[in-house]
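In what follows, a single structure is set out as structure tokens and then discussed.
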Amino acid sequence: MPAAFAVSCFAGRIRTLPESGRPSGIYKTLLTAPSRIGPEGFVDDQQADRRVHGGPEKALHLYPADHYRRLAERFPEVASQLQPGSIGENISVSGLDETTVRIGDIWSLGSARLQICQPRNPCWKIDERYRMEGMAAFIAEHRLTGWYWRVLTEGSYQPGDTLQCEIPAADALTLDQAMVMWATHRPAPEPLQQLADTPGIAGQWRDKIVRRLAMLSTLG
């Protein structure tokens, strides 16, 4: 894995979606000037529905730039719209994806330190943003979700800064492996418990796993 990855970073204000008129923070623009990274991400960024977006454990969203090629192949009608930043991510990078990062990995971006804590759960707003039904479902099915970071150390970003892995979570599952397990109909309890116990995992996701373990225990 390279020591440092070139990135593009994005932030945006709340805008309305084209059909429903619902507010959304999915529209981002490229950051061309320095920006502060606080406990909930770029200070220039906004999220509309704070129940499911934003907050300390969804502070920044990274979407692998290489996924756009797969989306364009599946949805050629909107291929020209499928550009980095367009799906609402804050960080775009080539050469990393869900199979190469692990829950709990600690990375640096500029002077900030970030930790991978959960995958993104794609929602209906993706379909409306591109006017393309089924895109969010395709992203979920093929685990092309990207991931969320928590901010461990606040700092600043300026264009040209790179993303670097400081402390790899070598014993943790990759994000892809974790998502496969989570999507399994009846996963084995022991590895599922190990996933719940992964250092750095988002609290909300851990709570869901614990509830699922309790349900599985009743099934025998």
Side-chain angles (χ1 to χ4, degrees), residues 1-15 24-48 53-72 79-120 122 126 129-130 139 144-170 172 174-176 200 202:
M1 183 181 290
F5 292 83
V7 298
S8 298
C9 291
F10 304 85
R13 316 301 286 178
I14 294 171
R15 292 170 51 185
S24 175
I26 199 171
Y27 298 98
K28 309 293 186 190
T29 56
L30 182 68
L31 288 172
T32 58
S35 181
R36 182 75 181 164
I37 299 174
E40 297 192 5
F42 289 119
V43 296
D44 310 297
D45 198 39
Q46 290 184 331
Q47 302 86 35
H53 300 290
E57 295 196 327
K58 296 180 180 178
L60 292 164
H61 174 230
L62 184 148
Y63 197 70
D66 301 320
H67 287 350
Y68 281 107
R69 175 185 54 79
R70 290 195 56 188
L71 293 178
S80 63
Q81 300 178 47
L82 292 165
Q83 303 294 329
S86 65
I87 209 164
E89 71 266 37
N90 300 112
I91 306 170
S92 177
V93 64
S94 294
L96 283 178
D97 64 21
E98 296 81 0
T99 68
T100 56
V101 301
R102 298 177 185 274
I103 301 166
D105 279 349
I106 296 174
W107 294 65
S108 63
L109 176 62
S111 60
R113 296 172 71 247
L114 315 174
Q115 185 175 44
I116 296 172
C117 58
Q118 63 181 312
R120 179 187 188 175
I126 293 174
R129 185 257 183 273
Y130 295 106
I139 289 169
L144 307 175
T145 63
W147 56 87
Y148 284 114
W149 310 81
R150 66 165 58 88
V151 176
L152 297 180
T153 304
E154 299 179 39
S156 59
Y157 161 82
Q158 60 182 350
D161 284 343
T162 57
L163 188 64
Q164 302 182 54
C165 187
E166 286 192 354
I167 306 175
T174 67
L175 198 68
D176 186 75

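Residues: numbered from 1 along the sequence shown.
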Quiz prompt | Aromatic plane relationship, Tyr63 with His67 - under 30° parallel, 30 to 60° tilted, over 60° perpendicular | solution = perpendicular
Quiz item: Taking C-beta and beyond as the side chain, do Leu60 and Tyr148 meet within less than 4.5 Å on heavy atoms?
Solution: no
Practice problem: Calculate, to the nearest 0.5 Å, the distance between atoms SG and CG belonging to Cys9 and Asp44 respectively. | Solution: 11.0 Å
Self-check item: Modelled atom types, side-chain donor and acceptor of Asp176 and Thr174, under 3.5 Å
Solution: no
Quiz item: So do Lys58 and Arg120 actually touch side chain to side chain, heavy atoms under 4.5 Å?
Solution: no
Quiz item: Step by step, would you call Ile116 with Trp149 a side chain to side chain contact (heavy atoms under 4.5 Å, CB included)?
Solution: CA-CA 5 Å; Ile116 296 172; Trp149 310 81; 3.4 Å; yes
Self-check item: Heavy-atom check, side chain of Arg15 versus side chain of Ser24, under 4.5 Å
Solution: no
Quiz item: How long is the span from the NZ atom in Lys28 to the CZ atom in Phe42, to the nearest 0.5 Å?
Solution: 10.0 Å
Practice problem: Identify the heavy atoms of Ser92 and Phe10 that sit nearest to each other, and give their distance. | Solution: CB-CE1, 3.8 Å
Quiz prompt | Over all atoms of both residues, closest heavy-atom pair of Ile37 and Ala112 | solution = CD1-CB, 3.8 Å
Exercise. Could you grab the distance from atom CD of Glu40 to atom CZ of Arg150, nearest 0.5 Å is fine?
Key: 13.0 Å
Exercise. Compare all side-chain heavy atoms of Leu96 with those of Trp107 and state whether any distance is below 4.5 angstrom.
Key: yes
Quiz prompt | Derivation and outcome, side chain to side chain contact (heavy atoms under 4.5 Å, CB included), residues Leu114 and Val151 | solution = CA-CA 5 Å; Leu114 315 174; Val151 176; 3.9 Å; yes
Self-check item: Shortest non-hydrogen contact from Ile103 toward Ala172
Solution: O-CB, 3.3 Å
Quiz item: Can you find a pair of side-chain heavy atoms, one from Gln158 and one from Asp161, that are under 4.5 Å apart?
Solution: yes
Quiz prompt | Main-chain N/O of Ser108 paired to Glu166 side chain as donor or acceptor, under 3.5 Å | solution = no
Quiz prompt | Nearest atoms (heavy-atom pairs only) where Ile87 meets Tyr68 | solution = N-OH, 3.2 Å
Exercise. For residues Phe5 and Ile91, determine if any side-chain heavy atom of one lies less than 4.5 Å from a side-chain heavy atom of the other.
Key: no
Quiz item: Does some side-chain heavy atom of Asp66 sit less than 4.5 Å from a side-chain heavy atom of Asp97?
Solution: no
Quiz item: Going by heavy atoms in the side chains, are Glu89 and Pro64 under 4.5 Å from each other?
Solution: no
Practice problem: Hey, could you give me the CG/CG distance between Asp45 and Asn90, rounded to the nearest 0.5 Å? | Solution: 4.5 Å
Quiz item: Where do Ser94 and Ala65 come nearest, in terms of heavy atoms and distance?
Solution: OG-CB, 3.6 Å
Quiz item: Between atom CD of Glu98 and atom CG of Leu144, what is the distance when rounded to the nearest 0.5 Å?
Solution: 6.5 Å
Self-check item: Heavy-atom closest pair, residues Gln118 and Glu57
Solution: NE2-O, 2.9 Å
Quiz item: How long is the span from the CD1 atom in Ile26 to the OG atom in Ser86, to the nearest 0.5 Å?
Solution: 8.0 Å
Quiz item: Under the side chain to side chain contact (heavy atoms under 4.5 Å, CB included) criterion, do Leu62 and Val101 qualify, and how do the steps go?
Solution: CA-CA 12 Å; Leu62 184 148; Val101 301; over 6 Å; no
Quiz item: Given the rule in the side chain to side chain contact (heavy atoms under 4.5 Å, CB included) test, do Tyr157 and Val7 qualify, once you have shown the distances and angles that lead to the verdict?
Solution: CA-CA 11 Å; Tyr157 161 82; Val7 298; 4.2 Å; yes
